[in-house]
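What follows is a single structure, written as structure tokens, with notes after it.
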Amino acid sequence: MSSLRSVLDELRAEDLRLLSDEALADHLDEIERAGRVEAERGRGVAELERRRMFAADGHLSAAAWLAHRQGLSRSVAEGSVRRARALEAMPEVARAFGEGEISESAVHVLASAHEAAPDAFARSEPALVEAARTMAFGELRRVTETWRLAADPERALEDEDRRHERRRLDVSPDPDGMTQVHGEFDAEDGQGLITAIRAQMDAETRSASGPDARTPGQRRADALGEICRQWLASRDRPTVGGERPHVVVTIDLESLVEGSGRSGRLAELEDTCPITSETARRLACDADVTRVIARGASEPLELGRRTKVVPPGLRRAITVRDRGCRFPGCGRPPGWCDAHHVRHWADGGETSLDNLVLLCRPHHRTIHRGFGVQMVEGGPTFTRPDGSIIGDRAPP
Ligand SMILES: [Zn+2]
Ligand SMILES: [Zn+2]
């Protein structure tokens, strides 16, 4: 015991700031090999259970005894006992772990394989330990999963059913104005989700030029948002209450007029939080509009027809002219673009070819957030918030 302590004291005495990169890496390896300490803990806990020492102290289980004596949380103590039992049942794994040949994470994966099919595991134990010794962790997990399917197909099928039952998805707006998404999917639908998001991200990467400042998390969120938007925009959606599903924004007409946003009037979405009139102006650029004449705040008197701000024929014409986002250096395809009113229709701008320009969603947001666009001789000229012109290096 005292020699273990002296080794740890020696490690502690190192001034890490003085180590070379290589020595720091060695230092971390040395500590990882302290997994051997974990293996020893396993042996000790197994012996503790065998002797039922905890009963002499009036405890009902080894976990309770450990938690009390070592000041551990109950779940940590229980995990420690579970691992000790698993290591007892997997002698080859215990040996390799004790010699520092395999990591604690690998032991975890092997233990769950053992739990799934104990007899078959005993026969395959040397091969699985060899896999743990030589493979990267992700690879090991795949190999043990494949092994499990083969070792006990019936149990594997039950596991699959159980996972399918666990599927769930919660989507709820939170008080901070964000929408929280939490869910679990089985392997099949999970793969579908990952594939769709990845494909959308790839397509965006291919169509964008220049570096992308977004984090991977932001890119995934944008991709899922775009997938939903395209789903909603597609023609053959089933109708709900006589209409195709769509996002509804409710706003006073006066609030759409430029500058009125400063009066603090907000636009409303159905389920999430109120949005600023600036965002409502962007959404209204290229949307379907229904005029509702109302008395007071909530008494509708007359409901107009729902009409497209940009009629399909005009949109086709803009698509032919612009062929994609016109922001300098962008060029994302028309399917991802909104038709932006250079002078907003709420401010009296005309919905005509020479007042409209195709912008992808991120650039449409940019333009409604301080950047500018003017039509000069039938073509758009973009400006930074300071008024300077952004050069268009599009091919002649
Ligand atoms: Zn716009
Ligand atoms: Zn763009």
Side-chain angles (χ1 to χ4, degrees), residues 200-214 218-219 221-223 225-227 229-230 232-233 246-249 251 253-261 267 269 275-289 307-312 314-315 317-376 379-385 389-395:
Q200 179 63 31
M201 284 167 67
D202 282 356
E204 279 187 33
T205 307
R206 271 199 306 277
S207 66
S209 60
D212 195 333
R214 297 172 299 167
Q218 288 171 334
R219 295 180 54 214
D222 287 353
E226 186 59 34
I227 289 168
R229 200 176 74 96
Q230 289 180 15
L232 286 170
H246 58 284
V247 173
V248 176
V249 186
I251 188 169
L253 189 55
E254 307 89 78
S255 312
L256 273 182
V257 175
E258 168 128 63
S260 67
L269 292 166
I275 52 175
T276 60
S277 56
E278 212 35 60
T279 298
R281 274 167 69 81
R282 170 165 54 82
L283 294 175
C285 249
D286 189 359
D288 292 4
V289 171
T307 51
K308 285 206 168 309
V309 169
V310 183
L314 181 55
R315 170 174 272 280
I318 305 160
T319 304
V320 167
R321 186 196 64 190
D322 287 352
R323 285 181 309 204
C325 177
R326 288 299 300 270
F327 198 87
C330 182
R332 284 196 174 95
W336 302 356
C337 291
D338 296 326
H340 167 72
H341 284 70
V342 173
R343 181 168 150 80
H344 204 283
W345 57 263
D347 304 334
E350 234 182 281
T351 300
S352 64
L353 207 50
D354 47 15
N355 190 39
L356 289 166
V357 59
L358 277 192
L359 292 173
C360 70
R361 270 182 119 195
H363 284 130
H364 195 190
R365 179 184 293 269
T366 308
I367 291 299
H368 280 268
R369 276 283 191 283
F371 280 74
V373 56
Q374 301 302 323
M375 284 307 222
V376 180
T381 298
F382 292 87
T383 49
R384 298 185 185 85
I389 290 175
I390 308 170
D392 191 351
R393 267 167 297 152

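Remember, it's 1-based here, ligands and their atoms both numbered in the order they're listed. Because the structure is a prediction, the values reported are computed rather than measured.
Under the 6.0 Å cut-off for aromatic ring centres, H340 and H363 do not qualify, their centroids lying 6.0 Å or more apart. In this structure, F327 has its ring center under 6.0 Å from that of F382.
Rounded to the nearest 0.5 Å, atoms CD1 (I251) and CD1 (I275) are 7.0 Å apart. Expressed to the nearest 0.5 Å, how far CG of L256 lies from CD of E278 amounts to 10.0 Å. Distance check, rounded to the nearest 0.5 Å: NZ of K308 to CZ of R315 gives 8.0 Å.
Looking only at N/O/S atoms, H340 comes nearest to the Zn ion (ligand 1) through ND1. For H368, the N, O or S atom closest to the Zn ion (ligand 1) goes by the atom name NE2.
With a cut-off of 2.8 Å, the Zn ion (ligand 1) has an N, O or S atom of C285 in range.
Protein nitrogen, oxygen and sulfur atoms, that is N, O or S, within less than 2.8 Å of the Zn ion (ligand 2) amount to 4.
A 6.0 Å sphere centred on CD1 of I389 holds no more than 12 heavy atoms belonging to other residues, nucleotides or ligands.
In this structure the side chain of D222 reaches within 4.5 angstrom of the side chain of R214, judged on heavy atoms.
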